[in-house]
Structures are given as structure tokens and as C-alpha cells.
Amino acid sequence: MDLNSILAKLPYSAPFLFVDALTHVDEEGVAGTYTFDENLDFYRGHFNGKAITPGVILIETMAQIGLACLGIFLLNKDLKKGSSIALTSTEIQFLKPVYPKEKVTVISKKIYFRFGKLKCAVTMKNEAGQEVCKGILAGMITEEL
């Protein structure tokens with residue numbers, strides 16, 4: 001499965017798509033990038049005069065790249081139309097702020113994937129290579145009823 005095919009299967013679109021590109025994917029993990037557009041609506045009013053990307057958006061970015069993209073790759077042909085991707089747990093440490101116009105790289109390493117549940121160790125780095133947040137994410141692929 002090529003990288004563009006994975007992106008095409010993501011169940012997100014602008015303004016809630018936080019993946020610009022995937023740079024690597026295999027059975028053990030995934031890496032990808034996203035640049036935070038300064039015009040995203042959540043920057044208005046989030047720390048007036050000095051906008052900072054909300055932590056929940058950083059988690060979402062990590063989940064879209066590190067969990068959803070890897071899950072789509074691992075399921076490949078077994079991913080059914082109408083399946084949903086659900087974040088089930090997070091344990092994240094925030095280390096540095098992420099500002100508008102910053103490009104981040106997310107690196108995810110699979111801890112396990114079984115019974116439709118994927119758990120990963122995920123790190124987000126800024127362009128200087130500094131960790132801005134890291135932790136554990138887990139999610140499930142579920143079929144619509």
C-alpha cells in the first residue's frame with residue numbers, strides 16, 4: 001500500500017485533517033509531517049497575542065499520523081468501507097509549545113496490534129528536532145452497525 005493510498009483512506013478533511021505527508025510506513029511504525037496553518041480557527045483567542053497550538057490538537061495530529069495512518073496500513077485490504085477509527089486512550093507529556101506556521105514530525109512505533117486495537121509509542125518533534133510531546137496512544141477500528 002503506497003503512502004498516498006493511506007492518506008486517501010483517512011476519514012478526515014480540512015479543516016480537521018492534520019496530515020500533510022507520510023514519510024515512512026512499515027509493519028512496525030509510521031512517520032509523517034504537518035505544518036500548522038496560522039489561519040486555523042482555534043488560534044483565535046487561544047493565548048491572545050501569542051497563539052499556541054492547543055494540546056488536544058497536538059494529540060489529534062499524533063493520532064491521525066501515528067495511529068490512524070498506521071492502522072490503515074496494517075489492515076490494508078481488511079479495512080471495510082464504513083469502518084470507524086476511535087481513539088481509546090492517551091498518556092501524553094507536553095514538553096514544548098507548538099506555534100502557528102510550525103512544521104512538526106510525528107514518529108510512531110507499534111507496541112501491539114491485536115483484535116482491532118492498536119497501541120503505539122508516539123513522539124512529535126519540531127523542525128529543530130526537539131521533542132514537543134510524546135506518549136502512548138491507543139485506538140480501535142470499529143465497524144458501523
Within a 6.0 Å radius of atom [atom1] on [X], are there more than 12 heavy atoms belonging to other residues, nucleotides or ligands?
| X | atom1 | value |
| --- | --- | --- |
| Lys117 | NZ | yes |
| Phe115 | CZ | no |
| Lys125 | NZ | no |
| Glu91 | CD | no |

Exercise. I would like to know whether Ile107 and Val122 meet side-chain contact (heavy atoms from CB on, under 4.5 Å); could you show each step before the answer?
Key: CA-CA 6 Å; Ile107 301 126; Val122 185; over 6 Å; no
I'd like to know whether His24 forms a side-chain contact (heavy atoms from CB on, under 4.5 Å) with Val30, so could you lay out the CA-CA distance, the side-chain angles of the two residues, the decisive distance to 0.1 Å, and finally the verdict.
CA-CA 5 Å; His24 171 81; Val30 64; 5.9 Å; no
For the pair Phe36 and Tyr43, name the ring-plane relationship: parallel under 30°, tilted 30 to 60°, perpendicular over 60°. perpendicular
Next item on the list: Give me the ring orientation class for Phe18 and Phe16: parallel if the planes are under 30° apart, tilted from 30 to 60°, perpendicular past 60°.
Entry: perpendicular
How close do [X] and [Y] get, heavy atom to heavy atom, and via which atoms?
| X | Y | answer |
| --- | --- | --- |
| Ala31 | Ile65 | C-CG2, 4.2 Å |
| Leu10 | Ala68 | CD2-CB, 3.8 Å |
| Cys120 | Leu67 | SG-CD1, 3.8 Å |
| Leu58 | Met124 | O-CE, 3.6 Å |
| Leu74 | Lys110 | CD1-CD, 4.1 Å |
| Gly66 | Ser108 | O-OG, 2.8 Å |

ILVMFWY network linking [X] to [Y], side-chain heavy atoms under 4.5 angstrom:
| X | Y | answer |
| --- | --- | --- |
| Val106 | Ile136 | no |
| Ile111 | Val25 | no |
| Leu40 | Val56 | yes |
| Tyr12 | Leu22 | yes |

Could you check whether any side-chain heavy atom of [X] comes within less than 4.5 Å of a side-chain heavy atom of [Y], counting everything from C-beta outward?
| X | Y | result |
| --- | --- | --- |
| Phe42 | Thr53 | yes |
| Val19 | Leu7 | yes |
| Leu95 | Cys133 | no |
| Tyr99 | Ile52 | yes |

Quiz item: How long is the span from the CD atom in Gln93 to the NZ atom in Lys134, to the nearest 0.5 Å?
Solution: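 Here the interatomic distance stands at 5.0 Å.
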Please report the interatomic distance CZ(Arg44) to CG(Asn39), rounded to the nearest 0.5 Å.
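With rounding to 0.5 Å, CZ (Arg44) is 10.5 Å from CG (Asn39).
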**Derivation and outcome, salt bridge (charged side-chain N to carboxylate O under 4.0 Å, His left out), residues Glu127 and Lys103** = CA-CA 6 Å; Glu127 288 182 276; Lys103 180 178 183 179; 5.7 Å; no
| said: Assess the residue pair Val98 and Val104 against the criterion (side-chain contact (heavy atoms from CB on, under 4.5 Å)); give the C-alpha distance rounded to whole Å, side-chain angles, the decisive distance to 0.1 Å, and a yes or no. | reply: CA-CA 8 Å; Val98 175; Val104 295; 4.1 Å; yes
message = Run Lys119 and Leu137 through side-chain contact (heavy atoms from CB on, under 4.5 Å) and show every step you take.
response = CA-CA 6 Å; Lys119 187 172 188 177; Leu137 296 177; over 6 Å; no
